[in-house]
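Worksheet: one structure, shown below.
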Amino acid sequence: MLWNQFENVRSKLNLYDNPNFEPGSGIYDRDELIDGIERLVEEIKDEPRPIIKARAIEYILDNAAIEINPVDWFGINFCGWLTVKGAEKAERRKGMRKPLEWLNERWLASIETTPEFDEAAKDIEETGAGIFWADYDHSVPDWDSVIGLGFKGMLERAHKYHDEKIKDGTLSEKQDVYYKSVFITYEAIIRIMNRFLECAKKHEADDEKMPIMIECLEVVANDTPKTLYQYLMMTYIYHLFQEHIDKIQVRTLGNLDVDGYLFYKKDVEEGRLTPENAEELFRFFFEKYTNQGHIHAQPLYFGGFDENGDSLINELSYIMLTGYDKSCIVNPKLFIKVMPNTPDAFLKKSLEMIRRGRNCIVFINEELGCKISRKLGRTEEETRRLVGTGCNNFASRGKETTPEHMYVNLAKGIELVFTNGKDHKTGAPIGCETGDVAGFKSFDDFKNAYIKQTEHLIDKAFIISDFYDSHLSDINPAPMYSGTMPDSVKCGRDAYHDGVTYNNTVMFLSCHATAADSLMMVKKHVYDLKTMAIETLRDAILNNWAGYEDLREIMLSDPEKFGNDIDSVDSLAVEMLDRFTTKVTSRKNMRGGHFVVNGESIWFSHKWADKCGAMPDGRARGDLLSKNMSASIGQDRRGITAHIKSVTKIDATQLAYGCPFDYMLHPSAVKGADGLDAMLGLLRTFMKRGGYGFQGNVQDAATLRDAQLHPENYQNLQVRISGWSWFFTQMEKNFQDEFIRRAELEESAV
Amino acid sequence: MTGNIFDIKHFAVHDGPGIRTTVFFKGCPLGCVWCHNPESISAKKQLGFIEHKCTSCGRCVSVCPTGAHVIEDGVHKLDRSKCTLCGMCVTACPSKTLSLYGRQIEVKELVDELLEDSDFFESSNGGVTLSGGECLLQADFCAELLKELKKNNIHTAVDTCGYVKKETLDKVVEYTDLFLYDIKAVDEDVHISCTKMPNGIILENLKYLDSLNKKIEIRYPYVPGYNSDQAEKIAELLKGFKNICEVKVLPYHNFAATKYKSLDMEDTLPPQKPEDEEINAVRNYFRECGLNVRD
């Protein structure tokens with residue numbers, strides 16, 4: 001039977017945990033494979049790094065054992081990071097390295113740091129002032145090239161530019177090395193594709209779908225996709241190679257509903273596929289990502305608009321959503337572009353899923369995205385075809401490499417004002433000297449000290465980001481990813497160097513609401529109402545409120561907090577973000593681009609909690625910092641409409657690379673048809689007011705509490721964490737408690 | 001002119017179409033045994049005190065000018081006979097243990113606050129709902145308020161029990177887009193036993209609104225053992241009307257028990273909540289009778 005099989009074979013689809021390699025197809029022991037790469041790298045250590053990287057990729061592609069699973073439409077596997085032997089569980093996979101990870105680590109370690117970098121990076125992570133790394137996790141290959149040219153086409157394109165440069169005598173040695181690394185990589189890809197093809201042929205009789213799979217692999221190996229199935233197979237395979245061999249994360253699987261639609265339409269017209277078949281095909285496709293278990297999940301995006309401004313949501317968009325819903329999964333994660341003309345029916349279908357707990361969906365304001373795009377200098381065509389990538393941001397399609405090296409904690413500066421620049425817990429001098437807080441005679445003195453401390457941290461973030469940006473293509477040359485990028489192959493420079501049109505660098509400015517609330521409380525209670533002296537507040541803060549519980553209660557219960565549509569405090573948030581984003585975006589990076597800002601805190605609002613001391617907003621050490629663009633937990637007392645109004649006072653175009661709003665709604669508030677209409681109304685209003693991303697949870701505390709006690713009954717209960725969702729029962733208890741608390745607060749407001 | 005209200009709820013989803021902001025007026029002519037807003041019944045100001053939320057911090061004691069609050073052996077006691085309802089304790093209370101129900105508000109101040117939600121109304125075809133209590137006990141204020149809202153093109157709904165004079169309805173009819181109209185029972189004896197009042201005037205007013213071609217959403221609070229036998233009669237009654245746009249069957253719940261206690265009021269709440277199947281059966285019955293019913 002060709003179709004209606006998914007549920008029957010679902011348990012047999014996880015090849016990554018249960019590989020069954022074709023005998024004699026290559027090395028099936030992951031450690032042996034890595035040993036082989038290590039030997040090879042040692043042999044060719046004097047070659048340029050791009051060549052070493054390409055040879056290592058080639059070694060895996062040529063030598064790894066392969067597998068075809070005939071029951072799976074996407075039953076392709078090879079020995080590598082994803083492959084775990086026998087009974088080893090997904091848990092173990094978490095700590096396992098990808099085959100080339102050690103190489104990147106070695107090259108990273110080989111880069112000599114500068115004294116400025118060492119000074120800037122010292123104690124930043126330990127004190128919760130920020131977090132940083134050399135980021136290769138936020139790039140999107142040019143899917144137009146992958147799908148439109150295929151592997152052979154991309155190889156031929158690289159040859160064409162290489163030949164042209166030889167002919168006109170402009171080919172530099174470095175460019176020659178770059179091109180050769182692309183040739184080696186793509187030739188090896190074509191070889192492994194033909195190995196898959198031969199292996200599939202051996203299994204032709206094993207399943208009714210095999211002739212179709214064989215035809216598909218033939219096309220993917222040597223041509224370009226002609227059907228929806230081939231299109232999805234190409235996407236899956238390219239993703240596997242880039243993410244798990246080239247070690248460059250693929251931050252979106254693409255605009256699958258729109259790009260897949262023409263294939264789908266043709267398939268249906270020519271009798272190859274029905275809508276039901278397409279839904280099942282997508283369920284097989286999604287399952288591959290589910291089984292990979294990537295905690296932040298693989299994004300794919302829906303929608304967009306055409307040359308006439310009409311919405312591109314189509315029949316396939318609905319089919320995909322239905323299939324996703326039935327599978328009850330959190331990976332891939334769904335990113336929906338929203339324009340004023342995005343059909344209500346599609347948005348309501350998605351909102352209805354969220355209301356039932358299928359909440360791995362974020363809505364992103366495409367109109368705002370276009371505004372940002374024009375502001376960043378992208379052309380109208382580039383603007384129309386923006387890629388929805390990562391948790392919730394936009395990028396130019398096929399023209400952009402935008403790493404995200406550094407998060408800065410905007411709340412930390414408040415602590416540093418009270419300690420004159422030293423981390424309160426460790427004494428590490430991570431800030432600058434702004435003087436004894438007791439000497440501040442006015443709120444402006446305090447505010448200026450906060451600005452100075454925060455700008456000091458941002459300056460450190462520049463140094464750290466610059467260092468990584470300067471060495472990205474030395475640490476991890478990217479021949480596979482670069483080979484897809486038209487600009488990169490044209491100019492012969494690595495896409496992680498400066499080979500693409502838009503080489504921006506993201507800096508995260510996180511936890512603004514905790515900072516704004518704290519500033520407001522200092523202004524109000526120390527300088528305006530004089531409820532307490534600054535020295536008293538300092539002592540309370542430095543003692544983590546011990547002995548000052550009354551003062552803490554005053555600060556905590558004061559309603560003048562961000563998230564309640566109160567201009568006094570909201571304007572402080574706006575002023576601070578405006579100031580800091582202007583500073584960041586005015587600065588050029590080391591790859592010929594600019595710095596851009598993302599306002600997300602994702603889970604660092606949690607992870608920094610113990611590292612940040614008490615704050616004037618009443619927060620004690622260990623309490624959560626504010627998350628993403630939302631109010632501090634429990635401080636949004638005037639309901640979701642006021643919360644949205646506060647959040648949308650912030651100019652989201654300044655936070656061009658993402659600033660989502662997280663909501664928590666009680667199920668009773670949005671039940672029935674009225675409730676769904678109201679959710680749509682919230683979403684539409686949020687977008688109309690210029691909000692960026694809209695994501696969240698519809699949960700009641702009783703269910704979450706019961707799930708904590710009886711996880712066995714709630715295996716499928718999902719919660720939105722930040723830019724991704726996860727299963728509630730698989731989360732750590734303190735994370736679960738955060739959601740329970742938010743749900744309780746929402747319940748008390750209903 | 002001022003109105004006597006006890007709450008403004010933003011993002012009210014079940015009080016008319018779209019996202020709404022609902023204003024709750026104080027005072028009601030009926031005495032429904034199942035009332036889930038006991039703070040709305042009396043037109044007088046009331047102090048709510050939820051004992052189990054109190055942390056005995058004593059802030060109320062220190063600000064109370066009449067000594068109504070005392071902490072004895074770590075337990076907070078409230079002497080209501082001494083309370084002048086000044087509200088100072090409510091402002092001082094950090095744990096939201098104390099609430100003051102009832103405040104006077106000017107039309108302009110209220111309109112300004114309601115208009116802040118305009119864009120939510122616009123995006124969702126929502127608007128403002130006046131509820132209570134019985135908002136039409138303050139019909140002059142409501143008329144002024146509704147008139148201002150209509151000037152600003154805001155959709156308006158009036159949630160009423162219908163137990164008011166016809167002339168009272170006349171004051172607001174012109175500025176009301178939708179009436180949310182409670183029908184608790186058709187049989188008068190049932191109505192009296194449930195609400196302490198007869199229903200003749202309510203049924204007359206319903207006819208009157210229908211004759212004026214006003215859009216009406218009927219609300220039937222369904223309380224097992226009290227008015228649950230009235231479904232057929234209500235369906236029969238509604239057949240004669242031409243402007244009923246929708247019927248809502250509201251399942252009774254007893255979440256309000258804490259509120260009764262906090263107000264030191266006798267808890268009259270019926271014990272039994274309806275099962276979902278029962279409510280769905282009633283809804284389906286109404287549908288079969290040709291009525292438009294939303295879940």
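Keep in mind that this is a model prediction, so the values were computed, not measured. In what follows, chains carry the letters A, B, and so on, assigned in the order in which the sequence lines appear, proteins first and then strands, with residues in each chain numbered from 1.
- Annotation: K261(B), atom NZ; neighbour count of heavy atoms from other residues, nucleotides and ligands within 6.0 Å does not exceed 12.
- Residue K215(B) places its NZ atom among 12 or fewer non-hydrogen atoms of other residues, nucleotides or ligands, all under 6.0 Å distant.
- The candidate with the highest count of non-hydrogen atom pairs below 4.5 Å against chain B, out of L680(A), T641(A), D677(A), I640(A), is T641(A).
- Remark: S40(B) engages no residue in a side chain to side chain donor-acceptor pair (under 3.5 Å) (not counting sequence neighbours).
- Among residues 544-552 of chain A, the residues having any heavy atom closer than 4.5 Å to a heavy atom of chain B are, in sequence order, D550(A).
- Here the closest non-hydrogen pair linking G681(A) and I19(B) is C-CD1, 3.6 Å.
- In the displayed structure, Q104(B) atom CD is contacted under 6.0 Å by more than 12 heavy atoms of other residues, nucleotides or ligands.
- Taken to the nearest 0.5 Å, the CZ atom of R59(B) stands 6.5 Å off from the OG atom of S557(A).
- Separation of atoms SG (C93(B)) and CD (E553(A)) is listed at 9.0 Å; rounding is to 0.5 Å.
- Atom NZ of K523(A) has 12 or fewer heavy atoms from other residues, nucleotides or ligands within 6.0 Å.
- Interatomic distance, K688(A) NZ to S123(B) OG, rounded to the nearest 0.5 Å: 4.0 Å.
- Annotation: K371(A), atom NZ; neighbour count of heavy atoms from other residues, nucleotides and ligands within 6.0 Å does not exceed 12.
- Separation of atoms CZ (F120(B)) and CD1 (I644(A)) is listed at 4.5 Å; rounding is to 0.5 Å.
- The most heavy-atom pairs under 4.5 Å with chain A, out of H10(B), R20(B), E122(B), R294(B), come from R294(B).
- Side-chain N or O atoms of K645(A) include one that pairs as donor or acceptor with a backbone N or O of E116(B) at under 3.5 Å.
- Put simply, CD on E246(B) and CG on D674(A) are 6.5 Å apart, with the number rounded to the nearest 0.5 Å.
- Under 4.0 Å is where a charged nitrogen must lie from a carboxylate oxygen, and between R689(A) and D119(B) at least one such pair does.
- For L665(A), the part lying under 4.5 angstrom from a heavy atom of chain B is the side chain only.
- Residue contact with chain B, scored on non-hydrogen atoms closer than 4.5 Å, is absent for L556(A).
- By the 6.0 Å contact criterion, CD on E278(B) is enclosed, its count of non-hydrogen atoms from other residues, nucleotides or ligands being greater than 12.
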